[in-house]
Amino acid sequence: MEAIGVIGIGAMGKGMVCNLLQKGYHVYAYDPSPAAKAWAKEKGAIVVESPQAVGSVARVVFTSLPGPAIVEEVMLGADGLYLSLGEGSFVFDTSTIDPATAKRLNQHGVEKGIYYYDCPVSGGPAGSVAGTLTIMVGGDETKLPEIMDYLRAIGKEIFYLGESGSAQVAKLCHNSVVAVITAALGEAFSVGAKAGVDPHKLAAVMDKGSAHNRVLSVFGPNILYGTYENTVFSLDHMHKDLQLYAQTAREQQVPVLVGGTVAQMYEAAKAQGKGSWDSSAVCTVTEELAHTTIAR
């Protein structure tokens, strides 16, 4: 049974741990949270006390972390993963970070003979638990045949995007579109509600018409029932991703006219203390400005 490391046992990491265990791997897990460690131990993972300790026992490591600074600390810090990983090891970073950080971590990996792949995922905690995540992959193409079985252990749809950083670009673009559609749904449902049209019926029309979109099926229930505290994907995380998207767009000299406006709506919702709520809580910004509620 091959040893595989998992660093970051949050909403997404938990599903990865379970799926890797089910596939028969020995899982060595690390997270600074005592509760997360206790959970991993209960599930059958072997808990260790640092990222460096993970690298000393596994040549394949998945990471699932909140943002660029933490990812860099885990990889390159005083007790970091890169200190102990052997030559020929693989790192699959499923975190959503900026492309520049991904490229930098890849370069450090190249210098040590470590294959670093930016592998941001889509599908949320439910997809992680089910092992059906969509995985975007950026990094050394020559090793793809060797790594596919590891990726298939946690995901279903796997897309190779290109060199290091490419997958992060794809994930940030993807999440920006999700954010825009979510805000647009909130606006449309608010208009419909004030005009006397049942938002549930309006949603049914959209589901069968040209406006059909998966965002409606994933986040629609929270919007239609006002259950914004039922977090599928937190507003804090979406806010972070939109900031990274805007940063990437600026570096590429692309104006963010639509995404920038929507990002300000997420900024407003976050300032109102709704960061821990579902990202669909951005719709409350429009509801409050319109003096209406979508939920009926």
Side-chain angles (χ1 to χ4, degrees), residues 1-86 89-97 105 109 114-135 137 147-156 158 230-234 236-237 240 276:
M1 292 168 65
E2 185 176 359
I4 289 188
V6 176
I7 300 176
I9 319 170
M12 300 298 289
K14 283 183 168 66
M16 294 176 195
V17 167
C18 288
N19 278 288
L20 290 167
L21 287 169
Q22 288 169 6
K23 297 295 191 300
Y25 293 108
H26 279 303
V27 176
Y28 288 81
Y30 170 74
D31 192 287
S33 163
K37 290 178 183 176
W39 178 92
K41 186 175 181 180
E42 181 183 333
K43 292 297 180 182
I46 302 163
V47 174
V48 297
E49 294 304 315
S50 69
Q52 185 176 0
V54 173
S56 68
V57 292
R59 66 178 290 274
V60 175
V61 180
F62 286 89
T63 58
S64 179
L65 301 162
I70 296 176
V71 171
E72 195 151 15
E73 178 64 23
V74 162
M75 302 295 178
L76 307 177
D79 209 7
L81 180 64
Y82 277 22
L83 291 175
S84 57
L85 273 181
S89 296
F90 296 102
V91 176
F92 305 119
D93 181 22
T94 67
S95 319
T96 299
I97 62 175
L105 293 174
I114 298 167
Y115 295 94
Y116 170 91
Y117 288 88
D118 48 303
C119 296
V121 297
S122 179
S128 182
V129 170
T132 58
L133 292 169
T134 295
I135 308 174
V137 182
I147 68 174
M148 291 302 288
D149 282 347
Y150 299 119
L151 298 178
R152 290 194 183 102
I154 68 162
K156 183 178 180 181
I158 301 168
N230 178 23
T231 302
V232 176
F233 181 71
S234 78
D236 272 338
H237 284 156
K240 179 262 296 183
S276 64

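Small disclaimer: the values here were computed from a predicted structure and weren't measured. What you see below is based on every heavy atom in this structure, not just the backbone, and it leaves out hydrogens, waters and symmetry mates.
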Using a 3.5 Å distance criterion without hydrogens, assess whether the side chain of [X] forms a donor-acceptor pair with backbone atoms of [Y].
X: Thr63; Y: Gly8; answer: no
X: Thr94; Y: Pro120; answer: no
X: Asp31; Y: Ile9; answer: yes
X: Ser128; Y: Pro125; answer: no
X: Ser84; Y: Gln52; answer: yes
X: Lys240; Y: Thr96; answer: yes
X: Tyr116; Y: Asp93; answer: no

Check: [Y] and [X] side chains under 4.5 Å, non-hydrogen atoms:
X: Phe92; Y: Met16; result: no
X: Asp118; Y: Ile97; result: no
X: Trp39; Y: Val17; result: yes

### Task
Decide yes or no on side-chain hydrogen bond (donor to acceptor under 3.5 Å, both in side chains) for Ser234 and Asp236, but give the supporting numbers first.
CA-CA 5 Å; Ser234 78; Asp236 272 338; 5.3 Å; no
### Task
Sequence neighbours left out, what pairs pass ring pair (Phe, Tyr, Trp, His ring centres under 6.0 Å) with at least one residue falling in residues 4-33?
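Found none.
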Would you compute the distance between atom [atom1] of [X] and atom [atom2] of [Y] and round it to the nearest 0.5 angstrom?
X: Met75; Y: Ile7; atom1: CE; atom2: CD1; answer: 6.5 Å
X: Leu133; Y: Lys156; atom1: CG; atom2: NZ; answer: 11.5 Å
X: Ile158; Y: Arg152; atom1: CD1; atom2: CZ; answer: 5.5 Å
X: Glu2; Y: Arg59; atom1: CD; atom2: CZ; answer: 6.0 Å
X: Ile70; Y: Leu65; atom1: CD1; atom2: CG; answer: 6.5 Å
X: Cys119; Y: Ile154; atom1: SG; atom2: CD1; answer: 7.5 Å

### Query
What closest approach, in Å, do Ala53 and Val57 show between heavy atoms, and which atom pair accounts for it?
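Shortest heavy-atom separation between Ala53 and Val57 comes out as O-CG2, 3.5 Å.
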### Message
Quick check: closest heavy atoms across Gly5 and Ala58, and the distance to 0.1 Å?
### Response
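In terms of heavy atoms, the two residues are closest at N-CB, 3.6 Å.
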#### Entry: Option among Ile147, Val91, Ile4 that satisfies the side-chain contact (heavy atoms from CB on, under 4.5 Å) test with Val60
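That would be Ile4; it is the only one of Ile147, Val91, Ile4 passing the side-chain contact (heavy atoms from CB on, under 4.5 Å) with Val60.
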### Task
Keeping to residues at least two apart or across chains, list the salt bridge (Lys or Arg N to Asp or Glu O under 4.0 Å) pairs with something in residues 63-80.
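Passing the test, one end in residues 63-80: Glu72-Arg104.
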### Query
Tell me, which pairs form a salt bridge (Lys or Arg N to Asp or Glu O under 4.0 Å) where one or both residues lie in residues 4-27, sequence neighbours left out?
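Non-adjacent pairs meeting salt bridge (Lys or Arg N to Asp or Glu O under 4.0 Å): zero.
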